[in-house]
Amino acid sequence: MGAKDAVGRYGEKIAARYLVEAGWVVLDRNWRGTRGELDVVARDGDVLVVVEVKTRRGTAYGHPAEAVTQDKIARLRRLTGEWMATHPVRPASVRIDVVAVVLPQAGAAQVEHLVGVS
């Protein structure tokens, strides 16, 4: 695992902990479908939420959430359908969120949760 992968996995761990502390139930992490991966699949009440986690060590190259393009959202939608087809979950609704994690050189990680990006 390279340094970039390690930063990404660490950010996903921080994001999952953030969601659990907010009262969510994490159903899956790093689920691999036929055309990609879902970072976190969780339940927020009766809503199924697919969470794309973007982590950066700073904002010199822009905010982490800026890396979530319309193409990425379309891929997440397809993967969400695939995930739902293989799991016995029937939520009231489904949405896609982004959790952006910035890891500063010193201090705690900065977490920003963007709800319903699609």
Side-chain angles (χ1 to χ4, degrees):
M1 179 184 310
K4 184 178 177 186
D5 290 335
V7 167
R9 293 293 182 213
Y10 182 62
E12 289 168 5
K13 186 176 177 180
I14 289 170
R17 185 172 53 222
Y18 169 87
L19 297 170
V20 168
E21 288 173 0
W24 292 27
V25 176
V26 173
L27 302 174
D28 227 329
R29 284 183 58 191
N30 305 118
W31 182 82
R32 294 210 60 77
T34 57
R35 294 187 168 197
E37 178 180 278
L38 297 177
D39 294 334
V40 177
V41 180
R43 198 178 69 237
D44 177 16
D46 60 356
V47 179
L48 181 73
V49 186
V50 170
V51 181
E52 177 67 11
V53 181
K54 288 297 180 189
T55 308
R56 291 196 176 154
R57 292 179 188 205
T59 56
Y61 296 102
H63 191 273
E66 293 174 18
V68 183
T69 64
Q70 287 302 314
D71 286 346
K72 177 69 172 178
I73 291 170
R75 187 175 325 115
L76 292 171
R77 283 188 187 133
R78 286 191 298 273
L79 285 166
T80 299
E82 191 177 333
W83 187 91
M84 290 179 67
T86 60
H87 292 78
V89 176
R90 298 296 166 250
S93 62
V94 179
R95 73 170 192 258
I96 298 172
D97 290 3
V98 172
V99 171
V101 180
V102 176
L103 304 172
Q105 285 193 333
Q110 301 163 359
V111 178
E112 185 176 350
H113 182 185
L114 306 172
V115 177
V117 298
S118 59

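Position 1 is the first residue of the sequence, and the numbers go up from there.
His113 has its side chain within reach of Asp97: a pair of non-hydrogen atoms, C-beta onward, lies under 4.5 Å apart. At least one side-chain heavy atom of Pro64 sits under 4.5 Å from a side-chain heavy atom of Val102.
The salt bridge (Lys or Arg N to Asp or Glu O under 4.0 Å) contacts involving residues 33-53 comprise Arg9-Glu37, Arg32-Glu37, Asp44-Arg95, Glu52-Lys54, Glu52-Lys72, where partners must be two or more places apart or lie in separate chains. Pairs of residues two or more places apart, or lying in two chains, that qualify as side chain to side chain donor-acceptor pair (under 3.5 Å) and include a residue from residues 56-67 are His63-Glu112. Legend: salt bridge (Lys or Arg N to Asp or Glu O under 4.0 Å) pairs involving residues 76-86, not counting sequence neighbours: none detected.
Residues satisfying the salt bridge (Lys or Arg N to Asp or Glu O under 4.0 Å) test with Lys13, not counting sequence neighbours, are none.
Hydrophobic cluster membership of Tyr18, counting Ile, Leu, Val, Met, Phe, Trp and Tyr whose side-chain heavy atoms lie under 4.5 Å apart directly or via other members: Val7, Tyr10, Ile14, Leu19, Val20, Trp24, Val26, Val40, Val47, Val49, Val51, Val53, Val99, Val101, Leu103, Val111. Hydrophobic clustering, defined by side-chain heavy atoms of Ile, Leu, Val, Met, Phe, Trp and Tyr closer than 4.5 Å, groups Val41 together with Val25, Leu27, Trp31, Leu38, Leu48, Val50, Val68, Ile73, Leu76, Leu79, Trp83, Met84, Val89, Val94, Ile96, Val98, Leu114, Val117.
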